Amino acid sequence: MKPCLIVYYSRSGVTARAAQGLARLCGADIEELRDVRPRDGAAGFLRSAWQGWRRQPAGIMAPQRHPADYPFIVLGTPVWAGQMSAPMRAYILQQREHFRRVALFCTMGGSGGQGVLMSMADLCDKLPVATLHLRQREVLADRHAAALAAFADELAVLRHDEEAAAPAHTPE
Ligand SMILES: Cc1cc2nc3c(=O)[nH]c(=O)nc-3n(C[C@H](O)[C@H](O)[C@H](O)COP(=O)(O)O)c2cc1C
């Protein structure tokens, strides 16, 4: 079991790329959220925009990993119509009572990231320990490495502090 779990949703691979890079940097476990109903093509795009705008959760497959097993959980989503993606909204609503400390990131075409991070924090009912928003073109051109490394460093420092504060194990 790793000390951190990254849970992400990605319709077209951008958020997946950032999540996988972060997992390598942090040595974290990773879980991809999967739609029950496919979102391909123009119809899938329109449904995604509609669900984002209406703040609707979407049906997702049962996750494989349990967030209560991890001291840290990192949630990553694309921005849809200025909102978090519908599968990520569903996951947070289903699992938030099991979250301990959360860090948040999103990817976007150009704008809306800050608002999405704030509404994810609200929905989790937690102050995030770290946040990051990335533009799609940065991720696709591999120009996000420095921002991702800084985000991973923030998490590493927090994990180190938490381990240092934990009571030492004394054998009986
Ligand atoms: C339905 C839909 C709505 C979107 N709305 C926004 C938006 O409001 N603002 C923005 O900057 N990008 C928007 N985008 C672009 C995505 O946030 C961006 O391409 C993201 O990196 C895609 O991540 P993914 O490949 O992991 O799905 C939207 C994309 C889709 C599919």
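Note that the coordinates shown come from a computational prediction; the quantities given were computed from them, not determined experimentally. Because only heavy atoms are used, hydrogens play no part in the values below, and waters and symmetry mates are left out as well, while side chains stay in. Whatever order the structure lists ligands and atoms in, that order sets their numbers, starting from 1.
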Does an N or O from R11, backbone or side chain, lie closer than 3.5 Å to an N or O of ligand 1? yes
Please indicate whether any nitrogen or oxygen in T107 is less than 3.5 Å from any nitrogen or oxygen in ligand 1. yes
Quick check: are there more than 12 heavy atoms from other residues, nucleotides or ligands sitting under 6.0 Å from CZ of R137? no
Treat each ILVMFWY residue as a node, draw an edge where side-chain heavy atoms are under 4.5 Å apart, and state whether V79 and V7 are in one component. yes
Heavy-atom gap G110 to ligand 1 smaller than 4.0 Å: yes
With respect to G13, determine whether any N or O atom, backbone or side chain, lies less than 3.5 Å from an N or O atom of ligand 1. yes
Which atom of Y70 lies closest to which atom of P3, heavy atoms considered: CD2-C, 4.3 Å
Verdict with reasoning, W80 to F45, per ring pair (Phe, Tyr, Trp, His ring centres under 6.0 Å): CA-CA 10 Å; W80 283 356; F45 178 92; 8.8 Å; no
Atoms of ligand 1 under 4.0 Å from any heavy atom of G82, numbered from 1 in the order shown, are 7 (C), 8 (O)
What's the spacing between S10 OG and R17 CZ if we round to 0.5 Å? 11.0 Å
If we only count N/O pairs under 3.5 Å, is F45 in contact with ligand 1? no
Of the protein's non-hydrogen atoms, which lies at the shortest distance from atom 13 (C) of ligand 1, and what is that distance? V79 O, 3.3 Å
What protein heavy atom sits nearest atom 2 (C) of ligand 1, and how far away is it? W80 CD1, 3.6 Å
The closest protein heavy-atom partner of atom 25 (O) of ligand 1 is S12 OG, 2.5 Å
Euclidean distance, L5 CG relative to H98 NE2, rounded to 0.5 Å: 12.5 Å
Looking only at protein heavy atoms, identify the closest one to atom 22 (C) of ligand 1 and say how far it is in Å. P78 CB, 3.8 Å
So, regarding G112 and ligand 1 (criterion: nitrogen or oxygen to nitrogen or oxygen, under 3.5 Å), is there a contact or not? no
S111, any N or O under 3.5 Å of ligand 1 N or O: yes
Heavy atoms only, cut-off 4.0 Å: how does A81 contact ligand 1, side chain, backbone, both, or neither? backbone
Between F72 and I92, is there shared hydrophobic-cluster membership here, with clusters defined by ILVMFWY side-chain heavy atoms closer than 4.5 Å? no
Considering all heavy atoms, the nearest L123-R96 contact: O-NH1, 3.0 Å
Under 3.5 Å between some N or O of ligand 1 and some N or O of A16? no
Using every non-hydrogen atom in the two residues, find where P67 and I73 come nearest and quote the distance to one decimal. CB-CD1, 3.7 Å
The atoms of ligand 1 lying under 4.0 Å from a heavy atom of T15, numbered in the order shown, are 23 (O), 24 (P), 26 (O)
Is it the case that atom CE in M61 sees more than 12 heavy atoms from other parts of the structure closer than 6.0 Å? yes
Per-atom contacts, ligand 1 versus A49 - under 4.0 Å to a heavy atom: 1 (C)
Taking atom types as modelled and ignoring hydrogens, do the side chains of R39 and Q51 form a donor-acceptor contact shorter than 3.5 angstrom? yes
Tell me: protein heavy atom nearest atom 12 (N) of ligand 1, and distance? G109 N, 2.9 Å
Residue, atom and distance of the protein heavy atom nearest atom 18 (C) of ligand 1 read Q136 OE1, 3.4 Å
